[in-house]
Structures are given as structure tokens and as C-alpha cells.
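For clarity, every value in this text was computed on a predicted model and none was experimentally measured. Chain identifiers are assigned alphabetically (A, B, ...) following the order of the sequence lines, protein sequences preceding nucleic acid strands; residue numbering begins at 1 within each chain. These numbers come from the heavy atoms of this one structure, side chains and all, not from hydrogens, waters or symmetry mates.
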2 protein chains.
Amino acid sequence: MATIGDVAKYAGVSRSTVSHALSGKRPISLETRQRISEAIVALQYTANAGAKALATSKTSTLGLIVPYTPAEFAPARMQYVMIVSETARELGFDVLMVTDFDGRAGIKRVTDSSRVDGVILLNVTRHDERIGSVLAAAKPGVLIGLADDNAALDSVDLDFAAAGRSMVRHLAERGHRRVIFVTLPTEMFLQDLGYVWRLHESVIDEAQTAGLALTVVHDAADPKDRMRVLAGALDATPDATALLVHSVGALIDLPVLLSQRRISVPRDLSVVGLFGDEFGAMFALPYTAVEPSPEVVVSRAVHLVAERIEDPSRPVVQELLAPLMVDRGSTREV
Amino acid sequence: MATIGDVAKYAGVSRSTVSHALSGKRPISLETRQRISEAIVALQYTANAGAKALATSKTSTLGLIVPYTPAEFAPARMQYVMIVSETARELGFDVLMVTDFDGRAGIKRVTDSSRVDGVILLNVTRHDERIGSVLAAAKPGVLIGLADDNAALDSVDLDFAAAGRSMVRHLAERGHRRVIFVTLPTEMFLQDLGYVWRLHESVIDEAQTAGLALTVVHDAADPKDRMRVLAGALDATPDATALLVHSVGALIDLPVLLSQRRISVPRDLSVVGLFGDEFGAMFALPYTAVEPSPEVVVSRAVHLVAERIEDPSRPVVQELLAPLMVDRGSTREV
DNA sequence: CTGAAAGCGCTTACAG
DNA sequence: CTGAAAGCGCTTACAG
């Protein structure tokens, strides 16, 4: 690999001139600049990242802390990872994936060794131990999700409370009075993920406000049991006119179950859920849904951490994204 | 952050002694070693990764080149990424995710700047342009998948040809003579992914050998059309006694369609497919299937690139993993 | 507008 | 068993 010294020699200038030509941090005569350009092309020069990081204390790398949460629905995760990576690239960063079983250890490792300029925490829980590690590292960090004690770090998330309310109101406005709420498996509540609770509570709360009778059913954690749980819920509440579904597993099974029972949507039953367009397309889900908009949430998070790397003193922000509802005609007036 | 100099001062030794104590590359007296250990703990010392990389020309980082292939079924991808990351960690490497739209540019970027010691190529195609980039970079690289011209790089993959043959034989042995082969969308064939062709061709080939009449149906690329394609295939070949399914989308839709038509498996129809245990569990797929074993394939790939980083002169290997079939009782004798 | 030199934090011959 | 010094490839005051 050619070094900056090789380029300097080839162009007949000093290394500092090459460096400045590259960074644009001081004026370089046109002629010199051209000679340097030629040298760079001729020698195929690319700056050594390690040397640059050593000299500047900047790595141009973001650590993506992916927690180990087997119970969660894995497929959706890839989308988040891809968006982080793509946004990071647009902002000039590379992404180091940190999937350590112990997220705290992972954060400590990549920050202590100065491998990253900042970290992005995926799947934040309400009492997320990783927040302390980010604070201890004294590096910029952003939470994708809301923690109870997140005053110290920037965070972004979908406004799941608003999402829950809008789903309930959507049904209430159409005259539904008895609704089955298929919420997430209890295992996921135990994982303390903020959005799980926020959506759950807002649905229950808004149902009360709207005078809507809610039958709450936790989806099964084990896919084998899912269908039975779902069927049981329908059996137990025959007078329900609508389903409000948060569980992704239930959403996938629903078409099968409804077809088995010859239940037509929305004629016999209205359905509203929470899932992304891309996900819905993949499984051909024909249901009206609140859109979690990962591209917006995640891209915003990456921008926030990049901004904070630029300016560590910027006030902490907490952003909640207003959810959009996509009407696919799976709900009707009753 | 404490530096090696701080540790040396604290322990009352030279920096080189600390460095050697850390690497174990020369004998250090017990007493000195202890003082150094204490200093490291007291100062919370962790070596600066950039400085280390600069001094040793080793980054302890692997580049994971994730291609941009929207047509492919995304959820499965995350599993591969996670296994790469976990295996890399076990071997002492971090993972840099490279998701550039142009994989070649991504490889050039991370290798030219010496950000990685080697690269792992996901979703290799038969004529993969990225191979040239790895060769040009003169860094170790491993292919997950088989390319036509892969004599120069290590590669690992499931033996998809064997997988195809074993599925056909499984049905042939049970007396099936007319089978519908639901293969991948034509879009995926155009993407030139090696495994797509290898499986396809081996199924057709083995069917001929086994005297099995095959109706080949390409699954729809658009999920909206999937169900119709699948239904059309059943209608067009009413005398088929079995389904051989490669398309993941078709696998997901199959339970719905069969339940709609009151077709019972394996009583009315035998089904064999190609999908992983984890994936099958997530969608509660009750079908006998060849197991793609991503954990084995991917972990092997990471080991191979790590070995080659250690010893660049090792002969190139190409490993094909024999597929396992998991019998879930979805096929019967006819 | 340009260059010589110090420094970032490591490792590793070299010398003892 | 240990240390002083050079070097990895950059950037950036400092000086002109």
C-alpha cells in the first residue's frame, strides 16, 4: 500500500501538503493540487484508517450494539441493521457490529479500545444496563427505543403510545365495542422492552376511554402454540367484532386460521395491526396497520449520534415519531 | 484513556516490558508481571486499536460484505450475519458490516484503508464481481456460496446439488411419480446466485434419473401473486402426489392454501422442502425438509478466513457441506 | 502557499 | 529478565 510519503515524493511536495490537500484544511495552489491528484491516482493511494484514527482520535466508525434477545421476532431486525449501515455510510461512517452476549462488555470493549466514535443501541429496554456502559465510556450514544432513565442519552423511537391509541380509536370510530387484543408473548414483557409496554398500556387505556370492551390475549412464545392460542381467543369471545394485533407471529398465522374457519375480513371480522409495509408485503398481509417506519426512526438515530460526535455539548434530545396508519380496508363499520 | 506509557509509569517499568507482558512474547518476572497487572486494573487500561493496527498491520477486524439483493428473502439473512459476528468474536475478531450498494467499492474501501484483515462474502453469485476486488486487494477472503471461478479464494457452501437429489430421492423412494417442484422466482435465477441454479438443476436431473415426472413452477417474486401461482400449480397438476418446495415464500403460504382447499398433509399431498429448523419453527412449518445449516456453513467460513489471515500460503479450499434431512412426517408412501 | 518536526499509542528489533 | 529507540502512517501546530 502506498503511504502519504509515497504520494508526497511522487508529487514532489511535503507530506503535510498532501495531507492538507486531502483535507482541504488550507489553501493549496492549483498546480500543486493537480500534481497531488495525479500522484494519488497513480499510486492508488488510500489513507490508512488506523494511522488516521491514531492521529485524529476519530475512527469514522459507529458501533451497532445488537442485543441478544432470542424471543423477539428476528426477521425484522435485519431491516434495522441495514438502515443503520446505509445511513452511516451516507454520513461517512463505517459500522462495527457488536453482538456480544453481554452488551455492556461489548460496549466497553469497542469504546475502551477506541474502535468507534459512538454507539447505537438497538432494542433498548426500560432499565437498560447498557446505558451505564455508554455513560462510563463517555462516548456519544443513541438509543433506538425509550428507556426510563434516558435523560443522559439521545433517543428516538416510534410513539408507540400514540400508535396504540390510534388503533383503538380507528376501531371505536367504526362502532366496534368488543375487541380482542392480541398482544405480545409474556416473555417479551419480561424482557422489559419499552415499546412492548407502551403499546400495551396505551391500548388498554384508550379502550377504557373509548368505552371499548377489550379481551387481552398474550400470543404464545412458541410458534407451535400460536395457532391454538389464537383459535382459543376467537372461541372465547365469539361476539368480538374486531381484532387488534400487535404480535407479529399472530399476524402471520391469522390468514391461515381465518381461512380455516371461513372467516372473511372485514365482512365477519375487522382486523387492525402494527407492522411495516415491507413486512406486510412479504407475508401478503391484507390488514390495515400502523406503520412502524423503521427507516425514519433508525436513520434519525444515526444522524443524532453523528451530530453528537460533531458537537458533544448539544443538548440531549428525545424524539418520538408520530405513527402513520395505512388503511388496507380490513376494518368496517358495525 | 490510559496509554501503555501510563501503565509503564504506574508499574515502574518500561513500555516495552508492558507490551511484552500483554502479548506474552517474552518472559517477564513474576513480580514485574504482577505490578503490571495491578497497573492495568488501576488505570483501566485497554490498548488503542488504531495504534495497535498501525504498529502490527493487523486490525483484528473482518469485513462482512453484505450484497444488495432486494429480491431475496431478507429475514434469513440476519441469521447469517449473527453467526458471522458470533464466530468472529470467538476467534478474536470484530466485524465491520459493509452494505455498500456496490460491493466492489465497499471491498476496495475497507481493504485499501486497512480497516480489515480479511473479508467474508455473503450471497456469492456464479460470476461474482466482488471476487476480483478481493484478489486485487490481496487480502484473505472467503466466499459463502460457490462461484464458477473460485479457484483463488476459499469457499464454503451447503452442497445444494446433493440437497436437491436427496429431496427427489426421498419422494421417489416413497413411490411418488408426479411431483410439483416449486422453485424460486425467475428474478432470483437472474441474480445468478449459485445455489439457486445448483439446487434447481440437481432436482430436475435427479427426477429424470428416478423416472419422476416434474412440473416446474417458479414462485412469484411479488408476494401478492404468490398464492395465485401456487393455487394455479395445484390446479394444473391435479394428479401430483407431492410438492417439492424450494421457495421460502411458497412455504409460508402453503399452510394457508392447503387449509383453504382442505388438503391434508401427508394424507392428500406429500410435501418436502428446504428450510432451516429455526425458520421452520418461526412459521410453524410442519414439513420434512433439508436443513441448510447456516451455523455450520457460516462458522466454517469464518474459521477459514481466520486461518488464512494466520497463514496466507495455505492451499485454497472449497468445502461443500453434506445436507441433512429432517423428517417431520409430511411425506407418505403412495 | 509550503515544509520540517513533533506527536498520536502501540510493537519490536537491538542491546545489555 | 529488562529498557531505549526506531518505526508504523497519519495530522497539525509552528515557522517561514
Compare the minimum distances between each of C:dG9, C:dT2, C:dC8 and the side chain of A:Thr17, then state the nucleotide with the smallest one. C:dT2
To the nearest Å, give me how far apart CG (A:Asp6) and P (D:dC8) are. 11 Å
Under 3.5 Å: donor-acceptor pair, side chain of B:Asp192, backbone of B:His127: yes
Pairing partner of D:dA4, by Watson-Crick or G-U wobble and under 3.5 Å for both distances, is none
A:Lys9 has an atom NZ; how far is it from atom P of C:dG3, in whole Å? 14 Å
How far, in whole Å, is D:dA6 from D:dT2 if one measures between their P atoms? 23 Å
Could you please name the option among D:dA13, C:dT11, C:dC1 that lies closest to any side-chain atom of A:Ser29? C:dC1
Whichever of A:Arg26 and B:His20 has the more 5' nearest nucleotide on DNA chain C, that residue is A:Arg26
Picking from D:dT2, D:dC8, D:dC10, which would you name as closest to the side chain of B:Thr32? D:dT2
Reference residue B:Leu304; test side-chain contact (heavy atoms from CB on, under 4.5 Å); the match among B:Leu153, B:Val142, B:Ile120, B:Ile309: B:Val142
With rounding to whole Å, what would you report as the distance between D:dA13 and D:dG9 at their P atoms? 23 Å
For B:Ser23 and C:dT11, is the shortest distance between a side-chain N/O and OP1 or OP2 below 4.0 Å? no
Should C:dA13 form a Watson-Crick or G-U wobble pair with both distances under 3.5 Å, which nucleotide is its partner? none
If you check the B:Asn48 side chain, which of C:dC10, D:dT2, D:dG3 turns out closest? C:dC10
Value in whole Å for how far the C1' atom of D:dC8 lies from NZ of B:Lys58: 14 Å
Rounded to whole Å, please give me the gap between CE in A:Met1 and C1' in D:dG9. 13 Å
Starting from P on C:dC1, measure out to CD on A:Gln34 and report it in whole angstrom. 14 Å
State, without any angle test, whether A:Thr59 and A:Asp117 hold a side-chain donor-acceptor pair at a distance under 3.5 Å. yes
Contacts of B:Ala51 and B:Ser14 projected onto DNA chain D by closest heavy atom; the upstream (5') one is B:Ser14
D:dC8 OP1/OP2 closer than 4.0 Å to side-chain N/O of B:Ser57: no
For D:dT12, take OP1 and OP2 only and decide whether either is under 4.0 Å from a side-chain N or O of A:Lys25. yes
Separation of D:dG9 C1' from B:Lys52 NZ (nearest whole Å): 18 Å
Atom CD1 of A:Ile36 and atom P of D:dT11: how far apart are they, to the nearest Å? 12 Å
Counting distance alone, no hydrogens or angles: does the base of C:dA5 have a donor or acceptor under 3.5 Å from a partner atom on the side chain of A:Ser16? no
Just by distance, do the side chain of B:Lys52 and the backbone of B:Ala47 share a donor-acceptor pair under 3.5 Å? no
Return the nearest nucleotide to the side chain of A:Thr56; candidates are D:dC1, D:dT12, C:dA13. D:dT12
Test applied, side chain to side chain donor-acceptor pair (under 3.5 Å); reference residue, A:Asp154; option that passes from A:His303, A:Arg314, A:Gln318: A:Arg314
With the side chain of B:Ser19 defined as its heavy atoms from C-beta on, choose the nearest nucleotide among C:dC1, D:dC10, C:dT11. C:dT11
Please find the pair of heavy atoms, one from A:Tyr80 and one from A:Leu122, that lie closest to each other, and give the distance. CB-CD2, 4.4 Å
On a plain distance test, is the side chain of A:Arg15 in donor-acceptor contact with the base of C:dG7 below 3.5 Å? no
When rounded to whole Å, the CD1 to C1' distance for the pair A:Ile4 and C:dG7 reads 15 Å
